[in-house]
Amino acid sequence: MIDYEQLLNERQLEAVRHEGGPLLVIAGAGSGKTRTIVFRLARLVEGGVDPERILLLTFTRKASAEMLSRAETLLGSSLRRAVGGTFHSFAFAQLRRLAALGQGPAGLTVIDKADAEDITRMAKEELGLGKGDKSFPKKSTLQEIISKSRNKELELPDLVGREAVHLLPYAEDMGKIAERYQKLKAGNGLLDYDDLLFELEKALTEHQEFRDRLRERFRQIMVDEYQDTNKVQARLVRLLAGEDGEVMAVGDDAQSIYAFRGADVANILGFPKIFPGAKVVRLERNYRSTQPILDVSNAILAEAKEKFDKRLYTERTEGETPRLIRTMSDVSQAGRVLERIRELRRTYPLHEIAVLFRAGYQSYPLELALTKAGLPFRKYGGVRFHEAAHVKDVLAFLRLVRNPGDALAWRRAAAHIKGVGEKTCGKIALESLQGDEKALTKRRRKTPQLDELFSELDAIRGLKDFQAKLSRVIGFYQPIMVQMFPDDYPRRQAGLEELAQIGAAYKDLDDFLADLVLDPEEGESHPEDELVLTTVHSAKGLEFSAVLLIDLVEERFPMKRALDRPDDMEEERRLMYVACTRAKDSLTMFAPECLWNRFKSMSEPARLSPFVRDVPYASLDVYRETIGGGLARESGRTPTIKPLAPPSADPDPGIEPGIQPAASPAIGQGNKDLGMCRHRIFGPGKIVAFLPPNKYQVNFPGFGLKVIIEDYLEML
DNA sequence: GCCTAACGCCTTTTT
DNA sequence: GGCGTTAGGC
């Protein structure tokens, strides 16, 4: 028997033991959310629930696999028959079962973003829209808007009016393209990510026996990261639960960071309304971070427009003061980050150290520096494994093995053949589909390389098991890869080996293809001790002893596009909150003074991120990079700051007023009116930062950054 | 008609 | 470094 009382706090216990009705757990960052789910899983099984009746929906398949395996360890028995995964993978699996019964949507090939974009472009071209119009939205924008309008369930012109006013003149054309896109997909048996959810909803609504069977099977439904579900996902939960199913939703409204994808915080806030009688449990005690780190996190969240009814507290009152390091530029930042990592490495293993950033490309300079320094790292987010060109190529061959009518796959598989382009591929696909052997033979005779490809595909089809197919495809592709990527095929080679590794776990081609598109598994778990580089989004739900945040300047974090959109700014703020709360012991923030502008080939001054400006000056140790490359300490945390008192007997800690050093100015205060100035010797310059009490940092064209005492500057 | 190479443009987050 | 457009070749 598991000693729940010993291992859980009172609130967690309440959630774990709850029975007989809907349950909503509002779990602040680091409050033991995963632990609560894991123990509840164990508790259910211990209490006699058949694992087969449990459905665990999470944000990534990795998360559900980890929770199930932790619960297994706890229980000492298998949970294999429990179903865990993402909404999308669950939907796909159920739709396949339905298809096996001859019902549901026709096709069952799941397409990824790149495929969806290609089909969108075809729709646009077929309709002859936007020809020669340079400002016509491109396929990525079109696809983004089409998907957003479905996710947010807004009519397309409505969505464009709200989120992309500048495209309003194109709204009508985009609507036509969206319609055509849907038809093209349906006609080719393809499902995009959004279709998976809507098709499952349709199936549940239209096929009563199907719905009843699923309801009967999944009596216990648990949904993690509920704040990031969209409207249709919430309806799916309701449809699956039925009247008397037991539903547990877990999430944190303050960590909602997927609104851009249609996530609707209203789902979590409105849960008690949709599931009347729901019990609500709040977890607010943080077990992860030290108080100084929580002070910074709380300060960032405190400025949110939408007020969050929470303030994390911890008993880890002692700890290193978070640092803010102002580097001269984003280029020099990489070096300072590397230094800091070397320092931290003396205390923590590499895999407990993570560098977080807003967007994938921001880590490129650091990746270079790390490679040069020979420091092993693993990157999450940004370009995904299955999106790498060589992986997509291999997958294209496999898709053709299964379905020779897949025009998109033909395009990739024949990319190395000169004289065979998009139109030809479309024809080949059509002829294959219609079984027009005559036309195909003619083509094969005309282009020997095409003939070779056809023979190869036939040979692969003849192989019995999936493993043999996969290794043969990789073998065939090998020389093509060398030919197509002469400069970096060795790196891609490693990717193919990884793909083979991943494939080793599969018996079925369809499963393999769908899984790679739905939630690509990383290769084998890191045998080496590796540093972690990750986007903040991909770091969701994770924790590290030491966290380094880079590029904390306006236009990078928050992103430029969010600056003049209040709602987007709010999401960026929550994202920043998520980033800070990943840290257990050590938090280092980096903010370059200048950013390299690739187009202008020059450095331009950057403003400190407004979120960092909201942090009381005294909550951070501030360092500044000096010309020589060293660091000069600029300010320190005043020792008078008392840690937030942990609530004593109060059963619901709710909002603790905390002790804010109210009088201390925020970092960079006064920056709000940055402007131009003139110096007697350096001439006119742009003020980059105000350095209390009486200095300014100024960027003088031709002279670079200087720190000048106020008295010597003439304000313009 | 179809394909390729060359040129100018702007970079978000993810199932 | 990728996308879309355009010019020019087969």
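No hydrogens, no waters, no symmetry mates; every other heavy atom, side chains included, goes into these values.
- One can place CD of A/Glu125 at 10 Å from C1' of C/dG4, the figure rounded to the nearest angstrom.
- A ring-centre distance under 6.0 Å is found for A/Phe59 and A/Tyr258.
- In this structure, of B/dT12, C/dT5, B/dT14, it is B/dT12 that holds the atom nearest to the side chain of A/Glu144.
- Within a 6.0 Å sphere centred on CZ of A/Arg235, other residues, nucleotides and ligands contribute more than 12 heavy atoms.
- Nucleic acid contact class of A/Lys139 (heavy atoms, under 4.0 Å, all strands): sugar-phosphate only.
- In this structure, A/Glu117 has no side-chain hydrogen bond (donor to acceptor under 3.5 Å, both in side chains) partners at least two apart in sequence or on a different chain.
- Neither side chain, A/Thr534 nor A/Lys379, offers a donor N or O lying under 3.5 Å from an acceptor on the other.
- The side chain of A/Thr535 places an N or O atom within less than 4.0 Å of a non-bridging phosphate oxygen (OP1 or OP2) of B/dT14.
- Neither OP1 nor OP2 of B/dT15 sits under 4.0 Å from any side-chain N or O of A/Thr60.
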Nucleotide N/O of nucleotides 8-10 of chain C paired with protein N/O under 3.5 Å:
none

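- Protein atom NZ of A/Lys124 is 7 Å distant from nucleotide atom C1' of C/dG4, rounded to whole Å.
- Taken from OG1 in A/Thr141 to NZ in A/Lys148, the straight-line distance is 11.0 Å, to the nearest 0.5 Å.
- The interatomic distance linking A/Gln227 (CD) with B/dT13 (P) rounds to 20 Å, in whole Å.
- In this structure, the CD atom of A/Gln143 is 16 Å from the P atom of B/dT15, given to the nearest Å.
- The aromatic rings of A/His88 and A/Tyr193 stand perpendicular to each other, their planes meeting at an angle above 60°, with 30° marking the opposite boundary.
- Listed by chain and residue number, A/Leu127, A/Leu129, A/Glu172, A/Asp173 satisfy the side-chain contact (heavy atoms from CB on, under 4.5 Å) test with A/Lys176 (two or more places apart in sequence, or in another chain).
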How would nucleotides 2-8 of chain B be written as a contact map, 5' to 3', with B for base contact, S for sugar-phosphate-only contact and - for no contact, using protein heavy atoms under 4.0 Å?
SSS----

Show me the donor-acceptor pairs within less than 3.5 Å that the side chains of residues 421-428 of chain A make with the rest of the protein, sequence neighbours left out.
{"residue": "A/Glu422", "atom": "OE1", "partner": "A/Arg121", "partner atom": "NH1", "Å": "3.2"}
{"residue": "A/Glu422", "atom": "OE2", "partner": "A/Arg121", "partner atom": "NH1", "Å": "3.4"}

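- Atom pair A/Asp195:CG and B/dT15:P shows a separation of 17 Å (rounding to whole Å applied).
- The shortest distance between side-chain heavy atoms of A/Val250 and A/Val223 does not fall below 4.5 Å.
- Between the C1' atom of B/dC9 and the CZ atom of A/Phe136 lies a distance of 18 Å, rounded to the nearest Å.
- Heavy-atom distances to DNA chain B give each of A/Phe59 and A/Arg561 a nearest nucleotide, and the one nearer the 5′ end belongs to A/Arg561.
- Between the CG atom of A/Leu516 and the C1' atom of B/dT15 there is a distance of 14 Å, rounded to whole Å.
- Taking a pair as Watson-Crick or G-U with both hydrogen-bonding distances under 3.5 Å, the stems of three or more pairs touching DNA chain B are B:1-10 with C:1-10.
- Ring centroid separation for the pair A/Phe557 and A/Phe357 does not come in under the 6.0 Å cut-off.
- The only option from A/Arg443, A/Lys442, A/Lys438 that meets the side-chain hydrogen bond (donor to acceptor under 3.5 Å, both in side chains) definition with A/Glu431 turns out to be A/Arg443.
- Distance, A/Asp228 CG to B/dT14 C1': 10 Å, rounded to whole Å.
- Geometric assessment of A/Arg574 against the ring of A/Tyr577 yields a negative cation-pi assignment under the 6.0 Å and 45° thresholds.
- Residues A/Met559 and A/Asp194 both approach DNA chain B. Their nearest nucleotides, taken by heavy-atom distance, put A/Met559 toward the 5′ side.
- Taking a centre distance below 5.5 Å and an interplanar angle below 30 degrees as the stacking criterion, A/Phe87 does not stack against the six-membered base ring of B/dT15.
- Closest to the side chain of A/Phe260, out of C/dG4, B/dT14, B/dT12, is B/dT14.
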